[in-house]
Amino acid sequence: MAPRYALVPDPHGPGGRLQPLADDGGPLGPPQHAPSLAAAIAEVEAAGQPRWVFASTDSAYAPLLPVRLARSHDLRLTEPLLLGHEGRWGEPRSLGAAWARLRGLPVPTDLPESAAAEDEQDGLFAPDRLQLPPGADPLEAVVAVHAEQLRRTAAIGDPAERHRFRLLAAAESAGGLLAAEMARDGLPWRSDLHDLLLTELLGPRPQIPGTQPRRLAELSVELQQSLGGRPFNPDSHGQVLKAFAEQGIHLSSTRSWELRRVDHPAAELMIRYKELSRLHAAHGWAWQAAWARGGRFRPEYVVGGVVSGRWATRGGGALQIPRILRRAVVADPGWALVVADAAQLEPRVLAALSQDAGLARTAAEGDLYEALAATAFHGDRGKAKLGLLGAMYGQTSGDIGPLLATLRRRYPAAMGYVEAAARTGEDGGIVRSRLGRTCPPPSADWLDLTEAPETAGEAGGRSARARGRFTRNFVIQASAADWALALLAALRRRLAGLSSGADRPHLVFFQHDEVVVHAPADLADRVAGEVAAAAEEARVLVFGDTPVRFPMSTAVVDCYADAK
DNA sequence: TACAATGACACA
DNA sequence: TACGTGTGTCATTGTA
């Protein structure tokens, strides 16, 4: 087992304290104060890459960057994983809360998420965000809460489950390190190309901020003319529905798929207006000024921000960037982008989770849907994909019934797995991912609705089925997130092994099942090899002995848009 | 006037 | 063809 060091930066200045720890988390000798924490860390890292134990990346890693830690135990990220696993959903998760529970003190409630933004305005990575009581020693709290987290982990009864949970905590912590690094490095962003794209589609950038770009203004006028000439605001759903109704076209919404079925010139104009208006509002010049400056887009990732373990982002909408804007993501001169995504990740995860021998065979290599179609759907890949996705998401409508029946007959273990997860959810139970991330329990409202006799009929049934779809999907989505996190951790370590200087390849983007690495052009092929190796490493770590393969489709490009 | 709810759509 | 999971963000509209 790697040695462990607790790590607490001084509130001001470059110094900090280190505390070597024993395997059970107990202190090994007295704490050491380092006048330069960065220098002390580099020295310890060079001697053998310990696991650094700290309160949170915000308080202990981001301020130290570009200092690099190879391994960590992030108390802030591990606490909610443990609380969830222990069935203590919703209890405060700050360091101060965990400390207070240990000491029998009043437990502080968590600060609202918005507090993070306020701290940054003050330029503080404030220790008070840790929620420790006044006078408490942060190092003492870090050491004690860490030891307690190790003890709680060791209390997981089943050895295999305990082993996987340890992997989960390590992978989540590695994700925290990486998220901080990516926020600092940023995604290469060519504002000139972004500007060119916006100008092509919307017209020149408005001189007066807040005014409508030319193309949007033109479309507004064309829309009004084609709907009788009366002025209306195309951004107002109500006014749009009324304008169409006056032409005898009665819509139930302004959704673009509904508009697409309308045979009237205004429908097409409306769809175009909505597309461009969204681009302008969500990723236009204002977005660029706020988020993509100095040649880099710097989103703030929120590790574990989604209950399934997927990451979220705060500000900038990094996980919702429209594909068209990938044209602005271009490698620096002499560098390349290695873009890799896991092919058909979720059905492969289902095959590995359920150990369905037949489905595993179709997921052993190549195109999973193609193989599924060949064995069960007379070669119809479309049907194979629709059926499998429907099974994983709990779809019931449409013409999916016969497809599900086929799947149930051919792949009983896989279908049984998702259906058992759905039944657990409908009954109010909880499910876990492969590595042990736990889904939230039902809310009090849900229990009222499903258990009260007066609503046990229709409304209760609807709620129960909705929760069944959630838990059915959770086991797959969350286990896919387990795998992706293991991939990230492995890839991060492997990239550090390629080069550590100014030309080090580094991850610049991560979106659920896709990674982008920015690398010197002459290292790009080796990076692509490391991606494949990391995927294989993640497969073994998370799923152990399974015939299922997790192939990555990888491209080395100058521009993100050229990857697919 | 400020905030919440709604509808819509971007991503996986 | 418009279905079934999870998000974040925007503009409009309604409410406190």
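Labels below follow one simple rule: chain letters A, B, ... track the order of the sequence lines, proteins then strands, and each chain is numbered from 1.
- Nearest to the side-chain atoms of Lys274(A) among the listed nucleotides dT5(C), dA8(B), dC11(B) stands dA8(B).
- Taking only side-chain nitrogens and oxygens, Arg261(A) comes nearer than 4.0 Å to OP1 or OP2 of dA2(C).
- A salt bridge between Asp74(A) and Arg76(A) is absent, with no side-chain N of the basic residue lying under 4.0 Å from a carboxylate O of the acidic one.
- Residue Arg469(A) places at least one side-chain N or O closer than 4.0 Å to OP1 or OP2 of dT5(C).
- You'll find that the side chain of Arg326(A) is closest to dC11(B), out of dC11(B), dC9(B), dC3(C).
- The NE2 atom of His283(A) sits 16 Å away from the P atom of dC9(B) (whole-angstrom rounding).
- Using a 4.0 Å cut-off between charged nitrogen and carboxylate oxygen, Glu181(A) and Arg184(A) do not count as a salt-bridge pair.
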Stepwise side chain to side chain donor-acceptor pair (under 3.5 Å) check, Glu300(A) with Thr313(A): CA-CA 5 Å; Glu300(A) 190 184 340; Thr313(A) 56; over 6 Å; no

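- Candidate nucleotides dA2(C), dA8(B), dA12(B) were compared by shortest atom distance to the side chain of Trp257(A), and dA2(C) ranks first.
- In this structure, Tyr393(A) places its OH atom 16 Å from P of dC3(C), rounding to the nearest Å.
- The nucleotide whose nearest atom lies closest to any side-chain atom of Gln320(A) is, among dC9(B), dA12(B), dG8(C), dG8(C).
- Nucleotide dC9(B): paired with dG8(C) (Watson-Crick or G-U wobble, both distances less than 3.5 Å).
- For the pair Glu514(A) CD and dT7(C) P, the interatomic distance rounds to 20 Å; values are reported in whole Å.
- Comparing dA11(C), dC9(B), dA12(B) against the side chain of Arg278(A) picks out dC9(B) as the nearest.
- Nucleic acid contact class of Gln477(A) (heavy atoms, under 4.0 Å, all strands): base.
- Using a 4.0 Å cut-off between charged side-chain N and carboxylate O, Arg326(A) and Asp562(A) make no salt bridge.
- Comparing Trp287(A) and Arg255(A), the nucleotide of DNA chain C nearest to each residue sits closer to the 5' end for Arg255(A).
- When all heavy atoms of Ser479(A) and Val349(A) are compared, the closest pair comes out as CB-CG1, 3.7 Å.
- Residue-level contact check: Arg472(A) touches neither bases nor backbone, having no heavy atom under 4.0 Å from any strand.
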I'd like a table of atom pairs between the protein and nucleotides 13-16 of chain C - only N or O on both sides, under 3.5 Å - with the distance next to each one.
unit_1	atom_1	unit_2	atom_2	d
dT13(C)	OP1	Ser236(A)	OG	2.3

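- Heavy atoms of Ile321(A) sit under 4.0 angstrom from primed sugar atoms or phosphate atoms, though from no base atom.
- With rounding to whole Å, Glu258(A) atom CD is found 8 Å from dA8(B) atom P.
- Projected onto DNA chain C by closest heavy-atom contact, Ala282(A) and Ala466(A) fall at different nucleotides, the more 5' of which corresponds to Ala466(A).
- A donor-acceptor contact under 3.5 Å links the side chain of Arg310(A) to the base of dA12(B).
- Among dG4(C), dG6(C), dG8(C), the nucleotide with an atom closest to any side-chain atom of Thr313(A) is dG8(C).
- The side chain of Pro322(A) lies closest to dA10(B), out of dA10(B), dC3(C), dT7(C).
- Taking atom NZ on Lys383(A) and atom P on dT1(C), their separation rounds to 13 Å, with Å as the unit.
- If you take CZ of Arg437(A) and P of dT5(C), they are 21 Å apart, rounded to a whole angstrom.
- Counting to the nearest Å, the C1' atom of dT6(B) and the CG atom of Asp235(A) are 15 Å from each other.
- Listed nucleotides: dG6(C), dC3(C), dA8(B). Nearest to the side chain of Ser253(A): dA8(B).
- Residues Glu218(A) and Tyr273(A) have side chains that never bring a donor and an acceptor to within less than 3.5 angstrom of each other.
- With sequence neighbours left out, the side chain to side chain donor-acceptor pair (under 3.5 Å) criterion links Arg410(A) to no other residue.
- Side-chain atoms of Trp483(A) and Asp513(A) form no donor-acceptor pair, as typed in the model, at a separation below 3.5 Å.
- Summarising the geometry of Arg381(A) relative to Glu370(A), their closest heavy-atom pair is CD-OE1, 3.5 Å, with the distance given to 0.1 Å.
- Straight-line distance from the CD atom of Glu419(A) to the P atom of dT5(C): 16 Å, rounded to whole Å.
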